[in-house]
Amino acid sequence: MIQITNRLLSNYYNLMHEAKVNIKDKIHDIISVSLQRAISEGKLPEADYPVIKVEYPRESKFGDYSTPIALESAKLIKRSPMEIGEILKSYISENSGLISEVDLAKPGFINIFTSLEYLKNNMLEIVKIREKYGRQQKDNPVKYNIEFVSANPTGPMNVVSARAAALGDTIANLIEANGDIAEREFYINDFGNQVNLLGRSVYARIKELKGEQSDFPEDGYHGEYIKDIAQWIIKNHSEELNKLENDDVKSAYAADKAIEYNVSGQKKDLEDFKVIFKTWFRESTLHNRGEVVKALETLEKNNHIYIEDGKKVFRSTVFGDDKDRVVVRDDGRPTYLMADIAYHFDKLERGYDQLIDIWGPDHHGYISRLSGAVQALCSKENIFRVLISQQVNLIMEGETVKMSKRLGNFSTMRELIDEVGVDVSRFFFIMRSMDSHLDFDLALAKKNSSENPVFYLQYAHARICSIFKEAEKRGIKIKPEISTLENLNNNEAIVLLKLLAKFPEEISDAAMTYEPHKISTFLLRLAQSYHRFYAEQRVLSDDESKTQTNLALCDAVRITIKNGLQILGVTAPESM
RNA sequence: GCGCCUGUAGCUCAGUGGAUAGAGCGUCGGACUUCGAAUCCGUGCGUCGGAGGUUCGACUCCUCCCAGGCGCGCCA
C-alpha cells in the first residue's frame with residue numbers, strides 16, 4: 001500500500017509539471033493522492049476502495065467538479081460519508097493553484113471549485129497556443145485504422161453513406177486531436193456477383209444506346225445512372241471494347257470501367273465532403289494476392305473450420321454467433337464473409353493497435369461472425385470494434401422520406417451536398433448520437449437563422465471577428481497579458497472561462513467513446529454563453545485593462561469554436 | 001420466432017449509477033441613438049413507454065411486457 005502511495009505521489013508531482021493533462025484528470029489524481037495520504041497517515045483504513053469518479057455536478061453552486069467517493073466507500077469501511085468526506089476534504093484543500101475551494105455537501109459529495117486564477121491562465125494559454133488548443137500530444141500514440149462508408153461501387157452513394165462519412169471522418173479527427181493516429185480506409189467490393197451483374201447491366205445499356213438488341217438482366221441495376229456510365233464508356237472506351245471477343249468478355253470489361261467510373265465519382269463526392277481516405281482497398285486484390293486462401297489456411301490450422309456437404313464452415317458459434325457460417329462453397333468459391341475475414345486479417349497484419357469499422361444498421365447481424373473471425377485470428381482482446389451508424393430519415397415539408405436503396409427513391413449524397421452544403425450536412429449528421437435514428441430536416445437545414453444550429457455557432461465566431469475588426473479600426477493593440485482577474489469577475493465571463501477549460505476533456509471524452517455529437521453539444525453551449533456575455537458585457541471601452549481582458553476572452557472563445565468546428569469539418573467564417 | 005437500435009416537454013433531442021431531469025425549436029411577452037438583433041432576456045412545458053428487481057441512490061444496470069424502425073442468405 002505504501003508503494004502504491006509513493007507511485008501515486010510521484011504521478012502527482014509529474015502532473016504538476018505536465019501541462020497537457022486536462023483538469024478532470026488532474027482532479028482525479030489529486031483526490032487519489034489525498035485518499036492515499038489519508039490512509040498512510042492512519043486517518044482512513046486500508047481497503048479496496050472503489051474507482052474514483054470525477055463528475056460534473058448538475059448545478060454550478062455545487063462546484064465545477066465533484067466526487068462521490070465518500071458516499072461509495074461508506075459501507076465498505078463502515079464510516080459515515082460525511083465523516084470520510086471531512087477527512088478527504090482536508091487533504092484535497094492542501095494544494096495550490098488549480099482548486100480554490102473544497103466543499104462537503106449533504107449526503108457526502110465532495111465538491112470542488114476551480115480557481116479563477118487558473119482559469120485566467122488557461123485563457124492566456126489558449127490565446128498563445130491557438131490552433132493547438134484542445135490537441136494533445138502523446139509519446140506513444142495508439143494507431144487506429146478506421147474503415148467507413150465502403151459503399152458498393154455499383155452506383156452513387158446515398159444519404160446513409162453521407163452520415164457514415166461525416167461520422168467516420170469526425171471520429172478520426174477526434175482521435176487525432178486526442179494525440180493518437182487515425183488512418184481512414186475505404187473498402188471497395190469489386191468482386192463477385194454484383195460486379196458481374198453491374199457489367200451485364202451496363203453492357204446491355206451500351207447495346208441499347210447503339211441501337212442493338214439487348215437482353216437486360218432481370219435482376220440488374222435499373223437506375224438511370226447506368227445509362228450515363230454506358231454513354232461514358234461509348235464515348236471514351238469504344239475502341240477497346242470493340243476489340244474484345246464476345247459478350248461475356250465485353251461485360252467484364254464494362255464492369256471494370258463502371259467500377260472505375262463509380263469509384264472516382266465516390267472519391268470526388270467524398271473529397272467535396274472534406275473526407276480524404278488514406279487507403280482505397282480493393283477486395284479483388286485479396287483474391288489476386290492469395291490472401292483469401294492464406295486467411296482460410298490460418299483458420300483451418302487453428303481448428304476453426306470444419307467441412308460439411310463439401311463446404312467449408314467457420315465455427316462462429318464459438319464466438320457467440322447464432323449459427324456457423326459457410327466460408328467456402330462446395331464449388332470452391334469463397335463467400336463474401338471469407339473475403340472480409342481475409343481483409344481484416346490483412347488489416348491486423350498491417351500492425352494497427354485498434355481496428356474500427358462503421359457499418360449501416362442493416363449489417364448489425366454480421367458483427368458477431370466477423371468479430372468472431374478476428375478473435376480467431378488475433379490474440380489481442382478488443383482490437384476490433386464495429387460502430388453502427390443508424391438510419392437517416394429525410395424530412396421534407398413535415399413528410400418523412402425513408403432512405404433505402406431497396407425502396408426506389410434514393411436521394412444521393414451529391415444531391416444533399418448541393419442542396420444544403422457541406423457545413424450544414426456534416427453538422428446535422430454528427431449532432432445526434434449515432435445510435436439514434438436521425439431526422440434530417442431539409443427545411444431547417446436550409447434556413448440561415450438561429451433555428452439552424454450551424455449558423456448560430458458560426459455567427460458567434462463571425463461576431464467575435466467583427467469585434468476584432470472594430471478594435472483594429474479604433475487602433476487598439478492587442479495585449480492579452482495585461483488581463484486582470486478583476487475584469488473577469490462577472491458571471492458571464494466566469495461561465496465562459498469554465499467552458500473553455502473543459503474543451504480538452506470534452507475532446508478526450510468524445511474521442512474515447514467515439515461520440516462526436518458531444519462536441520457539437522459542447523460548442524453550442526459555448527456559443528450560447530458567448531452570446532450571453534456579449535449581451536451583458538461591453539467588450540470595447542475606454543478602460544484599457546477591461547478592454548484587453550475582454551478581447552483576450554473573446555479571442556479564446558473564437559479559437560475554441562474554430563478548433564471545435566475544425567474537428568467537425570465545418571468552417572468558421574469571419575463574416576457571414 | 002430470434003437479434004440490434006429507439007421510446008425523456010407540443011416537436012427535435014442532450015443527459016459517466018448521484019443532488020430539484022435539461023437544451024434548442026415552437027407559444028406568448030419584452031430588449032437595439034452604443035463592438036453584428038443571424039442576438040439576448042423572461043414565460044409555460046414532464047406518470048423519463050409500462051411493470052417488477054438490484055442499492056445508500058435508477059432516465060441510466062438486470063428481467064419481463066408494449067410501441068416504432070432495421071436486420072435475420074452459400075447476396076454483397
Side-chain angles (χ1 to χ4, degrees), chain A residues 53-59 61-62 66-68 71-72 74-75 81 105-109 111 152 154 189-195 197 219 283 309 311-313 321-323 325-331 333-340 360-368 388 390-391 393 395 398 402 404 431-441 444 447-453 455-456 458-460 462-471 473-474 476 509 513 517-518 520-522 524-525 527-528 530-541 547 550-551 554 575-576:
Chain A
K53 286 187 280 193
V54 180
E55 46 201 36
Y56 305 117
R58 198 188 303 285
E59 283 189 63
K61 69 174 181 190
F62 292 131
S66 118
T67 181
L71 281 166
E72 289 172 344
K75 200 176 212 177
K106 308 190 272 196
F109 291 104
N111 295 327
N152 282 330
T154 51
N189 301 130
D190 64 335
F191 191 89
N193 279 338
Q194 66 173 8
V195 173
L197 199 55
D219 48 355
E283 182 187 347
D309 302 335
K311 292 165 274 207
K312 294 190 173 175
V313 185
D321 198 3
D322 300 336
K323 59 178 213 177
R325 306 290 169 173
V326 173
V327 288
V328 180
R329 304 175 178 91
D330 49 13
D331 63 4
R333 284 155 50 237
T335 62
Y336 177 81
L337 174 64
M338 190 58 240
D340 215 5
D362 50 341
H363 287 93
H364 78 265
Y366 193 79
I367 296 175
S368 56
I388 296 293
Q390 283 297 335
Q391 68 186 62
N393 299 320
I395 311 286
K402 268 188 216 135
S404 163
M431 71 194 249
R432 303 301 181 211
S433 128
M434 85 174 91
D435 292 333
S436 72
H437 307 181
L438 177 71
D439 279 352
F440 195 117
D441 187 331
L444 178 61
K447 267 189 198 165
N448 295 14
S449 77
S450 63
E451 296 160 70
N452 186 332
F455 284 88
Y456 183 83
Q458 291 180 324
Y459 178 62
R463 204 177 206 187
I464 297 172
C465 291
S466 166
I467 294 173
F468 275 86
K469 274 175 215 148
E470 177 66 23
K473 207 157 61 181
R474 296 187 191 180
I476 298 170
D509 184 27
T513 55
H517 74 276
K518 288 178 171 171
S520 57
T521 305
F522 169 81
L524 286 169
R525 253 193 311 153
Q528 180 182 44
Y530 180 74
H531 287 309
R532 240 168 232 170
F533 167 83
Y534 180 90
E536 291 297 321
Q537 304 288 333
R538 193 154 182 87
V539 177
L540 305 175
S541 68
T547 299
N550 282 339
L551 280 172
C554 289
S575 65
M576 327 172 37

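Protein chains get the first letters and strands the later ones, always in sequence-line order, with residue 1 at the start of each. Both backbone and side-chain heavy atoms feed into the values below; hydrogens, waters and symmetry mates do not.
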For nucleotides B/G57 and B/U20, find the distance between their C1' atoms and express it as a whole number of Å. 15 Å
Contact class for A/Ala460 vs. all strands (heavy atom < 4.0 Å): base, sugar-phosphate, or nothing? nothing
B/G52 versus B/A9 - spacing of their C1' atoms, nearest Å: 27 Å
Using the C1' atom as the point on both nucleotides, what is the distance between B/A38 and B/C25, in whole Å? 15 Å
Over 60° means perpendicular and under 30° means parallel, so tell me whether A/Tyr366 and A/Tyr336 are parallel, tilted or perpendicular. tilted
Just checking A/Thr513: base, sugar-phosphate only, or nothing, at a heavy-atom cut-off of under 4.0 Å? nothing
In whole Å, I'd like the distance from the CG atom of A/Leu524 to the C1' atom of B/U12. 13 Å
I would like to know whether A/Gln390 and A/Arg432 meet side chain to side chain contact (heavy atoms under 4.5 Å, CB included); could you show each step before the answer? CA-CA 10 Å; A/Gln390 283 297 335; A/Arg432 303 301 181 211; over 6 Å; no
Is A/His363 touching bases, backbone alone, or none of the nucleic acid, heavy atoms closer than 4.0 Å? base
Between P on B/C75 and CG on A/Asp340, what's the gap in Å once rounded to a whole number? 12 Å
With a 4.0 Å cutoff (strictly under), does any side-chain N or O of A/Ser436 reach OP1 or OP2 of B/A14? yes
Would the base of B/C40 count as contacting A/His531 through its side chain, where contact means a donor and an acceptor less than 3.5 Å apart? no
Looking only at heavy atoms, which two atoms of A/Pro361 and A/Ile388 are closest? And how far apart? CA-CG2, 3.6 Å
Whole-Å gap separating P (B/C2) and CG (A/Asp322): 12 Å
What contact category does A/Pro57 fall into here, base, sugar-phosphate, or nothing, at under 4.0 angstrom with non-hydrogen atoms? base
Would you say B/A76 has OP1 or OP2 under 4.0 Å from some side-chain N or O of A/Asn193? yes
A/Asp435 side-chain proximity, nearest of B/A37, B/C5, B/A76: B/C5
Any side-chain N or O of A/Tyr366 under 4.0 Å from OP1/OP2 of B/C70? no
Taken to the nearest whole Å, CG/A/Leu438 to C1'/B/U12 is 10 Å
What interatomic distance, in whole Å, is found between P of B/C5 and the corresponding atom of B/G15? 16 Å
Just to be sure I understand the rule, does A/Glu55 reach a base, reach only the sugar-phosphate, or reach nothing, if contact means heavy atoms closer than 4.0 Å? base
Which nucleotide, B/G36, B/C56, B/C70, lies nearest any side-chain atom of A/Gln391? B/C70
So which one's nearest nucleotide on RNA chain B is more toward 5', A/Arg474 or A/Pro334? A/Arg474
Distance-only donor-acceptor check, side chains A/Gln194 and A/Asn152, under 3.5 Å: yes
Just to be sure I understand the rule, does A/Ala462 reach a base, reach only the sugar-phosphate, or reach nothing, if contact means heavy atoms closer than 4.0 Å? base
Under a cut-off of 3.5 Å for both distances of each Watson-Crick or G-U pair, what dot-bracket string does RNA chain B give, using [ ] for crossing pairs and | for inter-strand pairs? (((((((..((((....[...))))..((((.......))))......(((((..]....))))))))))))....
Using the P atom in both, what is the distance from B/G73 to B/C48, to the nearest Å? 39 Å
A/Ile464 CD1 to B/U39 P, in whole Å, measures 15 Å
Under 4.0 Å, heavy atoms only, any strand: does A/Met431 hit a base, just the sugar-phosphate, or nothing? nothing
When you measure from the side chain of A/Thr547 to the backbone of A/Leu540, do you find a donor-acceptor pair of N or O atoms at a distance under 3.5 Å? no
Counting the atoms with a prime plus P, OP1 and OP2 as sugar-phosphate, which does A/Thr521 contact under 4.0 Å by heavy atoms, base, sugar-phosphate, or nothing? sugar-phosphate
Report the residue (A/Asn189 or A/Thr67) whose heavy-atom-nearest nucleotide on RNA chain B is the more 5′ of the two. A/Thr67
Touch class at under 4.0 angstrom, heavy-atom based, for A/Pro68 against every strand present: base
Nearest-nucleotide pick for A/His437, side chain only, options being B/G18, B/C5, B/C40: B/C5
Distance-only donor-acceptor test (3.5 Å): side chain A/Asn111, base B/A19: yes
Check whether any side-chain N or O of A/Tyr534 sits under 4.0 Å from OP1 or OP2 of B/A37, and answer yes or no. yes
Sticking with atom P, work out how far B/G17 lies from B/C75, rounded to a whole angstrom. 40 Å
Can you tell me if A/Thr67 uses its side chain to pair, donor with acceptor, with the backbone of A/Lys53 under 3.5 Å? yes
Is it the case that the base of B/U20 and the side chain of A/Lys61 share a donor-acceptor contact (distance under 3.5 Å, atom types as modelled)? yes
Has A/Phe109 got its ring stacked on the base of B/G18, with centres under 5.5 Å and planes less than 30° apart? no
Is the closest basic N to carboxylate O distance between A/Asp331 and A/Arg333 below 4.0 Å? yes
With a 4.0 Å cutoff (strictly under), does any side-chain N or O of A/Arg58 reach OP1 or OP2 of B/G17? no
hbond_proxy A/Ser433 side chain to B/A14 base (donor-acceptor, 3.5 Å cutoff): no
Give a yes or no on whether the backbone of A/Val195 and the side-chain of A/Asp190 come within a donor-acceptor separation of less than 3.5 Å. no
Report which part of the nucleic acid A/Glu536 touches: base, sugar-phosphate, or nothing (heavy-atom distance under 4.0 Å, all strands). nothing
Which part of the nucleic acid, if any, lies within contact of A/Gln528, taking any heavy atom under 4.0 Å across all strands shown: a base, the sugar-phosphate backbone alone, or nothing? sugar-phosphate
Whole-Å distance between B/C25 C1' and A/Arg432 CZ? 10 Å
Using atom P of each nucleotide, how far apart are B/G49 and B/U8 to the nearest Å? 6 Å
Contact class for A/Val54 vs. all strands (heavy atom < 4.0 Å): base, sugar-phosphate, or nothing? base
Could you tell me which residues satisfy side-chain contact (heavy atoms from CB on, under 4.5 Å) with A/Arg58, sequence neighbours excluded, listed by chain and number? none
Which atom pair, heavy atoms only, marks the closest approach of A/Phe455 to A/Met576? CD2-CE, 3.5 Å
A/His364 (side chain) and B/G3 (base): donor-acceptor pair under 3.5 Å: yes
Please work out if A/Leu71 contacts a base, only the sugar-phosphate, or nothing of the nucleic acid, heavy-atom cut-off 4.0 Å. base
Geometric cation-pi criterion A/Arg463 and A/Tyr530, 6.0 Å radius, 45° cone: no
P-based separation of B/U6 from B/C61 [nearest Å]: 10 Å
Rounded to the nearest Å, what distance is computed from the CG atom of residue A/Asp439 to the P atom of nucleotide B/G7? 13 Å
Rounded to the Å, how far apart are A/Phe522 CZ and B/G24 P? 17 Å
Between A/Arg463 and B/A37, does any side-chain N or O lie under 4.0 Å from OP1 or OP2? yes
So, do A/Phe62 and B/A19 meet the stacking rule of ring centres under 5.5 Å and planes under 30°? yes
Are A/Leu551 and A/Ile467 close enough, and set up right, to give a side chain to side chain contact (heavy atoms under 4.5 Å, CB included), and what steps lead you there? CA-CA 8 Å; A/Leu551 280 172; A/Ile467 294 173; 4.1 Å; yes
